[in-house]
Amino acid sequence: MGPSHACSYADAAADYAIDQKVMSDTNHFHQFISLWARLRDDIYCAWIGTEEDLRLFDTWLNGLHPRLKFTLEYSTEGTIFLDLFVSTGTDNSIKTKIYSKPCDSHAYLLPTSCHPAHICKNIPIGVMKRVRRNCSEEADFTLAKTEYSQYLRHRQYSEDVIQEAIESATQCTRESLLGVDKVSGSSNPVKKQYPLVMKFNQKLPLMSKIIRDNLHILELTSETKEMFNCKSLFVSYKMEKNLKSLICKNKYTNKLSVASNQVVSNVDENADSNAITNINHGCFKCPKLCTLCKNFMIESNSFTSPNINRQFLIKSRLTCDTQNIIYVIYDKICEKIFYVGYTGDTMKVRWANHKSHIKYGKKSCEMSTHFTKHSTGLHKLDKSTTTAFTASLKNHLSIILIECVDPIPGKSMKE
């Protein structure tokens with residue numbers, strides 16, 4: 001979503017890069033534009049020129065800025081703009097009706113959900129008022145309210161609640177819902193509002209009633225009477241933690257608790273077997289120092305992503321004999337090249353395959369393909385003997401084990 005002011009910046013940039021140029025006299029297509037309306041990256045244009053002129057205008061638009069790409073959709077019958085289907089009436093006036101995408105499931109909040117009662121009660125009213133606001137013709141409103149009533153029934157809203165919402169929307173004029181008939185020039189100053197913010201719980205008493213019943217206390221002094229009125233105090237609920245928020249964290253954290261006595265160490269490709277001590281989680285060399293561990297294995301309790309240069313912790317104890325693992329192979333020559341793989345075998349077995357494929361030029365994965373492609377240049381290796389090949393390859397590659405995963409029943413993780 002980005003920062004809170006991102007949309008304002010985008011609007012200002014689009015106004016300068018698009019709107020001002022489109023509506024200026026330098027645009028020789030300006031005479032064909034009857035209406036130009038834009039919301040973020042959606043634009044509605046009422047065009048009174050020919051279809052050929054419209055296509056030329058589209059070409060001109062796409063030449064305004066190299067990073068702006070416009071997609072043209074047009075029709076003489078009407079077109080879609082946001083949640084509206086816009087067409088022309090018999091008197092050449094703009095006619096609208098509500099529109100929703102075919103993939104819209106209309107998954108409104110269930111009335112049985114653990115939310116304040118007024119939220120579930122107001123959802124059908126809000127839906128019907130939106131239908132009323134978007135439909136400029138009574139016939140379209142009649143059809144749409146029947147359609148959206150069915151959506152609400154599918155979400156288990158009662159007939160009484162739906163009918164009450166329809167009556168509430170019918171009593172409102174479309175002008176009032178659009179906000180064009182608001183009374184202006186009121187002499188009464190608008191007083192500040194003060195929310196009483198608390199976590200919602202169904203066992204709580206009706207807090208708004210408690211406030212109303214005790215509001216007279218604030219009228220005991222002239223200062224509080226001037227500051228507060230019956231509408232200046234209201235209850236605002238914030239969401240309590242649910243199962244999802246308790247189980248799944250919104251942000252991944254790589255901080256270790258102090259109580260666990262774990263220390264994060266930087267990934268050092270030249271680290272020896274004594275680089276890490278007194279920790280339980282991480283990638284470790286085997287005590288026998290096999291060929292893999294002695295020459296290629298990075299011993300650390302964290303690993304770094306070359307793409308984002310961010311460090312992550314390894315959450316289990318991993319060795320060359322661990323099965324069902326995910327691993328990373330770093331290319332020491334090409335710093336931005338790395339390979340992420342997985343295997344149901346131990347890393348010792350998997351690395352033997354990798355090493356063989358690199359030596360004999362078998363393109364079984366991206367890593368061996370990369371080495372084969374650059375075998376006469378960046379990755380020229382001594383393949384005269386096994387010892388010479390291992391000695392030269394250790395200057396090109398390093399490996400770290402990052403995760404042990406549970407295998408899926410009935411499926412193999414072997415490549």
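For clarity, every value in this text was computed on a predicted model and none was experimentally measured.
We find that Arg130 and Asp83 are joined by a salt bridge, their nearest charged nitrogen and carboxylate oxygen being less than 4.0 Å apart. Taking the charged nitrogens against the carboxylate oxygens, Lys209 and Asp213 do have a contact shorter than 4.0 Å, which makes a salt bridge. Under 4.0 Å is where a charged nitrogen must lie from a carboxylate oxygen, and between Glu138 and Arg132 at least one such pair does. Salt bridge present: Asp11 and Arg38 bring a charged side-chain N and a carboxylate O closer than 4.0 Å.
The CE atom of Met297 sits 9.0 Å away from the NZ atom of Lys348 when rounded to the nearest 0.5 Å. Considering NZ of Lys285 and SG of Cys320, their distance stands at 11.0 Å, rounded to 0.5 Å. With values rounded to the nearest 0.5 angstrom, Lys359 atom NZ is found 10.5 Å from Leu393 atom CG. Rounding to the nearest 0.5 Å gives a distance of 6.5 Å between OG1 of Thr369 and CD of Glu366.
Remark: the backbone N or O of Thr372 is paired with a side-chain donor or acceptor of Ser375 at under 3.5 angstrom. The closest donor-acceptor contact from the side chain of Ser398 to the backbone of Lys394 lies at 3.5 Å or more, if one exists at all. A donor-acceptor contact shorter than 3.5 Å is absent between the side chain of Ser87 and the backbone of Gly78. Using modelled atom types, one side-chain atom of Arg174 and one backbone atom of Cys135 make a donor-acceptor pair closer than 3.5 Å. For the pair Thr79 (side chain) and Ser75 (backbone), a donor-acceptor distance under 3.5 Å is absent. Side chain of Ser368 to backbone of Ile358: no donor-acceptor contact under 3.5 angstrom is found. Checked by atom type and distance alone, the side chain of Asp331 pairs as donor or acceptor with a backbone atom of Cys334 at under 3.5 Å. Checking side-chain atoms of Ser356 against main-chain N and O of Asn353 turns up no donor-acceptor pair under 3.5 Å. At least one donor-acceptor pair under 3.5 Å links the side chain of Asn214 to the backbone N or O of Ile210. Of the possible donor and acceptor atoms, one in the side chain of Asn27 sits under 3.5 Å from a partner among the backbone N and O of Val22.
Taking all atoms of both residues into account, the shortest heavy-atom contact from Thr291 to Asn295 is O-ND2, 2.9 Å. Here the closest non-hydrogen pair linking Ile125 and Ser168 is CG2-OG, 3.8 Å. What you find for Lys332 and Leu397 is that their closest heavy atoms are CE-O, 3.5 Å. Across all their heavy atoms, Ala17 and Leu64 have their closest contact at O-CD1, 3.9 Å. Between Pro195 and Ser236, the closest heavy-atom pair is CB-CB, 4.1 Å. The heavy-atom pair separating Val161 from Pro124 by the smallest distance is CG1-CG, 3.6 Å.
For the side chain to side chain contact (heavy atoms under 4.5 Å, CB included) with Val127, the qualifying choice from Tyr157, Tyr151, Tyr148 is Tyr148, the only one to do so.
Classification of the His354-Tyr327 ring pair by plane angle, with boundaries at 30° and 60°, yields perpendicular.
With 3.5 Å as the limit, one finds a donor-acceptor pair spanning the side chains of Thr390 and Lys355. Side chains of Gln193 and Ser232: no donor on one and acceptor on the other come within 3.5 Å. Side-chain contact, Gln20 with Asp15: a donor N or O sits under 3.5 Å from an acceptor N or O.
A ring-centre distance under 6.0 Å is found for Phe200 and Tyr237. Between Phe57 and Trp47, a ring centre-to-centre spacing shorter than 6.0 Å is recorded. Here the two rings, on Trp351 and Phe296, have centers that are under 6.0 Å apart. Ring centroids of Phe338 and His370 are separated by 6.0 Å or more, keeping the two rings apart.
Side-chain contact between Phe29 and Leu61 is absent, with no heavy-atom pair separated by less than 4.5 Å.
Applying the 6.0 Å contact sphere to OH of Tyr194 captures more than 12 heavy atoms from other residues, nucleotides or ligands. Counting non-hydrogen atoms of other residues, nucleotides and ligands closer than 6.0 Å to CD of Gln31 gives a total above 12. By the 6.0 Å contact criterion, CG on Asn309 is open, its count of non-hydrogen atoms from other residues, nucleotides or ligands being 12 or less. Glu73 CD: 12 or fewer foreign heavy atoms inside a 6.0 Å radius. For Lys97, the NZ atom sits in a loose shell: 12 or fewer heavy atoms of surrounding residues, nucleotides or ligands are nearer than 6.0 Å.
Taking the ring centre of Phe284 as origin, the terminal cationic atom of Arg317 falls inside the region bounded by 6.0 Å and 45° from the ring axis.
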